[in-house]
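Each chain gets a letter, A, B and so on, in the order its sequence line appears, and its residues count up from 1. Basis for what follows: all heavy atoms, side chains included, without hydrogens, waters or symmetry-related copies.
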Protein chains: 2
Amino acid sequence: MATIKDVAKMAGVTVTTVSRVLNNRGYISEKTRNKVAEAMKELQYQPNEIARSLYRQKSNIIGLIIPTVAHSFFGELASHIEYYAYECGYKILLCNSHLNRKKEKEYVEMLKRHKVDGILMGSHTLEIDEYLNLNLPIVTFDRQITNSIPFVSSDNFEGGRLAANLLIQKGCRKIAHISGNLSLNMLSNKRYEAFIIEVVANRVEHITVQTEVDVFDIPQNERLIYNMFKEYPDIDGVFTSDITAVQVIQACSRLNKRIPEDIKIIGYDDIQLASLIVPQLTTIRQPMAEMSKRAVELLIKQINGKEVLMENIFPVRLVERNTT
Amino acid sequence: MATIKDVAKMAGVTVTTVSRVLNNRGYISEKTRNKVAEAMKELQYQPNEIARSLYRQKSNIIGLIIPTVAHSFFGELASHIEYYAYECGYKILLCNSHLNRKKEKEYVEMLKRHKVDGILMGSHTLEIDEYLNLNLPIVTFDRQITNSIPFVSSDNFEGGRLAANLLIQKGCRKIAHISGNLSLNMLSNKRYEAFIIEVVANRVEHITVQTEVDVFDIPQNERLIYNMFKEYPDIDGVFTSDITAVQVIQACSRLNKRIPEDIKIIGYDDIQLASLIVPQLTTIRQPMAEMSKRAVELLIKQINGKEVLMENIFPVRLVERNTT
DNA sequence: TTGTATGCGTTATCAT
DNA sequence: ATGATAACGCATACAA
């Protein structure tokens with residue numbers, strides 16, 4: 001690969017001059033500018049971003065830590081994030097933590113060594129101190145670590161309320177909520193809270209189940225759902241995340257429960273899949289594109305030393321389809 | 001952030017010595033080794049990988065270009081790739097090309113500037129020359145660009161044969177194949193070839209449809225499927241990729257076609273979703289984990305200047321579920 | 001308008 | 001066993 005030196009030599013100038021035309025800084029005569037430009041083209045010169053990063057103390061790379069990009073929700077999230085980041089001149093280093101503490105720690109260390117300019121955390125299994133000691137701009141998804149770290153989330157409480165309410169209004173008398181693992185301290189736990197409040201206020205029977213920590217252990221979730229229906233065969237409403245809802249739909253099919261006649265199901269997220277399957281899933285939509293955009297903005301603002309809003313809660317919307 | 005200099009100063013030695021303990025190279029006395037180690041711990045020293053990359057002329061980063069990680073197939077692929085790459089000490093820079101020529105070109109240029117050690121291409125919309133001039137280790141998925149660039153794919157021909165055969169055996173008399181855009185020169189076109197051969201040999205009526213270039217334009221695919229069924233309402237078998245198959249299932253539901261009684265559907269890929277939906281999708285399974293592993297291995301071998309196998313075709317397997 | 005010298009953080013060569 | 005120095009490719013302060 002040609003370096004700035006080669007270009008300088010070919011153009012008969014010094015590296016300084018080449019650097020100048022490269023960065024459009026300072027005065028240069030048209031003549032030399034052209035000479036240099038020509039040499040660049042001739043040599044197919046590309047500035048070495050590693051060298052630039054070293055000098056500028058800035059890599060223009062953002063670390064993205066999520067459970068796994070194989071999970072539709074995070075796949076879509078990652079796609080949006082990559083899009084906005086790239087628009088802003090940042091690249092994404094992808095890290096799949098599988099919500100494994102050790103892996104997450106390793107990734108964080110790795111990202112620090114690689115001098116990423118900031119980290120977007122969609123997985124957060126570490127201790128609060130570990131995040132605070134990071135000494136690097138962070139933005140989290142769906143978790144408020146401290147009031148000094150900005151987060152992006154949907155209005156989980158309102159979403160939980162909407163979901164529970166819909167099921168109740170539609171006549172469900174025994175509603176199950178399958179949540180993620182509540183010990184993870186995610187803001188999505190607020191769905192749980194709202195769900196309980198609504199269901200209690202309306203004196204509707206309810207049961208709650210937590211999934212294990214790993215988000216995409218399909219067989220485990222299947223067992224969980226199976227056991228739930230075994231223990232409570234008369235459940236007539238389920239509220240859970242979209243992907244889990246798909247599994248619930250399958251379980252219902254196996255158990256010959258008709259949807260929505262015998263049982264109604266509402267998801268959360270509105271991933272693309274929700275409207276792709278049969279029956280189309282009623283769900284609470286979170287605006288993933290906007291949230292992703294905001295997350296990237298928040299991170300970049302921090303990188304540039306600007307003040308940012310700490311709480312970034314986005315409105316959700318009920319999307320009624322065919323499972324309720 | 002502490003640098004090697006800070007450590008040296010604190011330990012009362014020079015940077016050379018610190019570098020030595022860092023890399024376990026050359027002789028050092030236990031005493032100084034300990035002093036240095038202590039200083040490192042004290043300062044929470046982390047070597048700067050950017051500086052290392054510059055010196056070593058090696059970034060330990062791999063570029064991954066795919067259509068979009070929001071598409072389940074590529075999401076799963078990316079997840080596997082990231083996993084194996086990380087195991088080998090490589091990180092993944094994520095690029096979603098959306099099969100857009102201009103974007104892909106931009107990403108390739110960006111990756112070159114960032115001095116990635118190699119590129120994994122799951123999207124390839126450029127001209128052959130552009131890949132050859134890249135001057136960088138490449139491995140492609142599902143496309144044979146030239147015989148000098150190794151590729152990984154499943155046995156698309158066999159998969160097409162298996163799929164067509166199953167539908168024929170199950171009694172389908174008018175089979176549709178919805179393929180990706182054949183102009184992209186992908187190896188998946190071999191499914192098409194095999195499909196045609198089988199269907200012609202068995203004198204079964206068939207029709208073929210190509211999707212547009214963008215892989216995940218849902219409304220467009222919906223229209224395509226809708227039009228297909230409008231023009232040929234008597235189609236009783238469909239062979240296409242898993243994600244499109246999901247859309248076909250939905251269309252069938254809308255059109256009151258019973259699966260598998262009125263129409264049988266077989267997918268290709270066996271993404272996780274295939275066994276999650278109702279009805280569970282019969283499909284041709286490609287071993288994505290193994291393929292991803294191989295792709296990473298091929299790339300790293302090339303990076304290390306070793307010879308590699310050019311054709312890496314993996315066996316497929318018919319997984320019969322409930323749509324046939 | 002252009003050139004010289006220095007430094008970004010690291011590793012390797014060559015001394016000592 | 002340890003240190004001084006150059007080099008990786010680039011960008012800036014300062015000279016000329």
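Crowding of B:Lys9 atom NZ: a count of heavy atoms from other residues, nucleotides or ligands under 6.0 Å not exceeding 12.
Spacing between atom NZ of B:Lys115 and atom P of D:dG9 amounts to 8 Å, rounded to whole angstrom units. A straight line from CD1 of A:Ile4 to C1' of D:dC8 spans 13 Å, rounded to a whole angstrom. In this structure, CE of A:Met40 is placed 13 Å from C1' of D:dG9, rounded to the nearest angstrom.
In this structure, B:Lys5 does not reach the C:dG7 phosphate: none of its side-chain N or O atoms is under 4.0 Å from OP1 or OP2. Listed pair B:Tyr45 / C:dT10 meets the phosphate criterion, a side-chain N or O lying under 4.0 Å from OP1 or OP2. The phosphate of D:dG3 has OP1 or OP2 within less than 4.0 Å of a side-chain N or O from B:Thr17. Between C:dC8 and B:Thr3, no contact under 4.0 Å exists linking OP1 or OP2 to a side-chain N or O. Applying the 4.0 Å criterion to OP1 and OP2 of D:dT2, one finds that B:Ser29 has a side-chain N or O inside that range. Contact annotation: B:Gln57 reaches the phosphate of D:dG9 (side-chain N/O to OP1 or OP2, under 4.0 Å).
Between C:dT11, C:dG9, D:dG3, one nucleotide has an atom nearer to the side chain of B:Leu22 than all others, and that is C:dT11.
Using a 4.0 Å cut-off between a side-chain N of Lys or Arg and a carboxylate O of Asp or Glu, A:Arg33 and A:Glu30 qualify as a salt bridge.
Checked against a 6.0 Å centroid threshold, the rings of B:His80 and B:Tyr83 do not count as neighbours. In this structure, B:Tyr90 has its ring center at least 6.0 angstrom away from the ring center of B:Tyr84.
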All N/O contacts under 3.5 Å from nucleotides 12-16 of chain D to the protein, with atom names and distances to one decimal?
unit_1, atom_1, unit_2, atom_2, d
D:dT12, OP2, A:Arg25, NE, 3.0
D:dT12, O4', A:Tyr55, OH, 2.7

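In this structure a side-chain-to-backbone donor-acceptor pair under 3.5 Å is present from A:Glu104 to A:Thr125.
A:Ile28 comes within contact range of the sugar-phosphate backbone alone, with a heavy-atom separation under 4.0 Å but no base atom that close.
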